[in-house]
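The chains referred to below are lettered A, B, ... by the order of the sequence lines, with proteins before strands, and numbering in each begins at 1.
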Protein chains: 2
Amino acid sequence: MALALAQARAAAARGEVPVGAVVLDSRGQVISSAGNRVEEWQDPSAHAEMLAMREAVRLGGGRRLADCTLVVTLEPCPMCAAAMAHFRLGRLVFGAYDSKGGAVEHGARLPHRPGALHRTEVVGGVCEREAAALLKDFFRTLRQTGAG
Amino acid sequence: MALALAQARAAAARGEVPVGAVVLDSRGQVISSAGNRVEEWQDPSAHAEMLAMREAVRLGGGRRLADCTLVVTLEPCPMCAAAMAHFRLGRLVFGAYDSKGGAVEHGARLPHRPGALHRTEVVGGVCEREAAALLKDFFRTLRQTGAG
């Protein structure tokens, strides 16, 4: 989670919503890491989780992440939560809960739906305060500068 | 939809699940089109809809598709349905309904959820038979060749 938080801070420094993600293999080694690139790439689908999972399968030579853990600073949105199933992700560890945009423990609760394509193990609230503080600070600064 | 079906057929010829997508601007002009590239790119997130929407914002110079229509041969999955909201897609027209994997008129019904990030207008069942037949034929052939 420390590396995911570092990616989130780096994203904030680029003017991106500060979310960072890391994919670990079954031994806990880092395969890939990414921060949001929505603004830089002008691509609304360039969320940290999508980029980290895509990079992990690219580097891993397979296209499934069944033995892997995705660590992300914020509860994934429905796009990323659904992508986790397409990638057959083994485990998700996330930081801050997102009652508005999250789709893991909130909203559509995709990994928990009956008939879900694939069940990813979920652990939420890891380093929650730190991850949430990053987002809060980012949006407060945005509001103060009038850019948000 | 004819162009989306052509993209789906081209995807089948490449050994991909035959789904094709097209993004049209407000005047009905084609901005982008794509077929599935999951197998070729070994990327489980390379669905036709994602590729067509990403390409449309790249070519359009903005990053929102509020005036645009996404035409796709199959009811989008939750990943693509959620991405539609991130792209602020104006309208979705799809072919075959997907009672198992779809998340527009089935499952999580993402565009219709209370508190959805963005509401995309939805028209389903356009050229439904032709789109469904393509998929049916593809999976029947897969089973017969023992590859599926």
Partners of A/Glu105 by salt bridge (charged side-chain N to carboxylate O under 4.0 Å, His left out), sequence neighbours excluded?
A/Arg109
Shared hydrophobic cluster, A/Leu142 / A/Leu134 (ILVMFWY, side-chain heavy atoms < 4.5 Å)
no
Best-contacting candidate, A/Gly107, A/Ala103, A/Ala46, against chain B by heavy atom pairs under 4.5 angstrom
A/Gly107
Are A/Met84 and A/Val93 connected, step by step, through hydrophobic side chains (Ile, Leu, Val, Met, Phe, Trp, Tyr) whose heavy atoms are closer than 4.5 Å?
no
Give, as side chain, backbone, both or neither, the part of B/Glu55 having an atom under 4.5 angstrom from any heavy atom of chain A.
neither
Exercise: identify the closest heavy-atom pair between B/Arg54 and A/Asp43
CD-OD2, 2.8 Å
Does a sphere of radius 6.0 Å around CZ in B/Arg91 hold more than 12 heavy atoms from other residues, nucleotides or ligands, not counting ones at 6.0 Å or beyond?
no
Answer yes if B/Val122 and B/Leu110 sit in the same cluster of Ile, Leu, Val, Met, Phe, Trp and Tyr residues linked by side chain heavy atoms under 4.5 Å apart, and no otherwise.
no
Structural part of A/Met50 lying under 4.5 Å from a heavy atom of chain B
side chain
Those residues of residues 65-83 of chain A, ordered by number, that approach chain B below 4.5 Å (heavy atom to heavy atom):
A/Cys77, A/Pro78, A/Met79, A/Ala82, A/Ala83
Which of A/His47, A/Arg88, A/Lys100 touches chain B most, by non-hydrogen pairs under 4.5 Å:
A/His47
Same cluster (ILVMFWY, side-chain, under 4.5 Å), A/Tyr97 and A/Val123:
no
Single-linkage hydrophobic cluster, 4.5 Å side-chain cutoff, B/Val30 and B/Leu59 together:
no
